[in-house]
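Structure first, commentary second.
Atoms within a ligand are numbered from 1 in the order they appear, just like the ligands themselves.
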Amino acid sequence: MLGTVTTGQSDRSRERRRVVRVVLALGGAAAVLALAVVVVPLLRPPGPRPLFQLPVPCGEIWRLGTYPGHDDYDVDLFPTEGAAWGRPVLASHAGTVTVAGINGSLGGRTPDNPKGPRGRGGGYWVKIDHGGRWETQYLHLLEPPLVRAGQRVAQGEQLGRVGSTGNSGAPHLHYEQHRGREKVETWFDGVPSGITDDDTEYSVTLTSGNCAAGRP
Ligand SMILES: [Zn+2]
């Protein structure tokens, strides 16, 4: 009798050890899978630069600039004609929206109250993944973006309107291009903008070639 009881306890403890081994193995497999899903894409080299266009309507002329204290490669866009408030902001290239929301805080700068309280960060903003580890960002939009995360957008599709939400002095579009994990010099229509660092105030005037609205 005693022997049988001992065997029963030993069976149970063997079963417990087996369960522990299975749990550990599953945990290990999950860790390897997470590593593959998260790390492998980061190691993948970026693809070729998409043919980005200015994030504003075809034919419009805008001044692109930067200033000391702005980060390297960051671009602020101002129209050369007409008011900036409410102007359409377009996708530079086709892609998938990864963020459409609020960065920092909105503040209270509106067309009716342009000197209202300044917010923090980017305000209403949109981020688009163009594939090949290329990404663009659009900040300080006037209102909630017209697109939502996960949505596929075509080149030239409207994302929102120019505003002054977040940490913005006057209505303008703050725009960035990223390759992999780094911010890079912005290129438009295959030509580098020349906006590379924030040591000095610098600007360039360009005409939008974002003329293929609806291109998938
Ligand atoms: Zn800016």
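For Arg63 and Asp76, the salt-bridge test fails: no basic side-chain N is under 4.0 Å from an acidic carboxylate O. Under the 4.0 Å criterion applied to side-chain N and carboxylate O atoms, Arg87 and Glu60 are assigned as salt-bridge partners.
A distance of 9.5 Å separates OH of Tyr175 from CG of Leu64, quoted to the nearest 0.5 Å. Here the SG-CD distance, from Cys211 to Gln155, works out to 9.0 Å after rounding to the nearest 0.5 Å.
Taking the Zn ion (ligand 1) as reference, the nearest N/O/S atom within Asp76 carries the name OD1. Per residue His174, closest N, O or S atom to the Zn ion (ligand 1): atom name ND1. For His70, the N/O/S atom at the shortest distance from the Zn ion (ligand 1) is named NE2.
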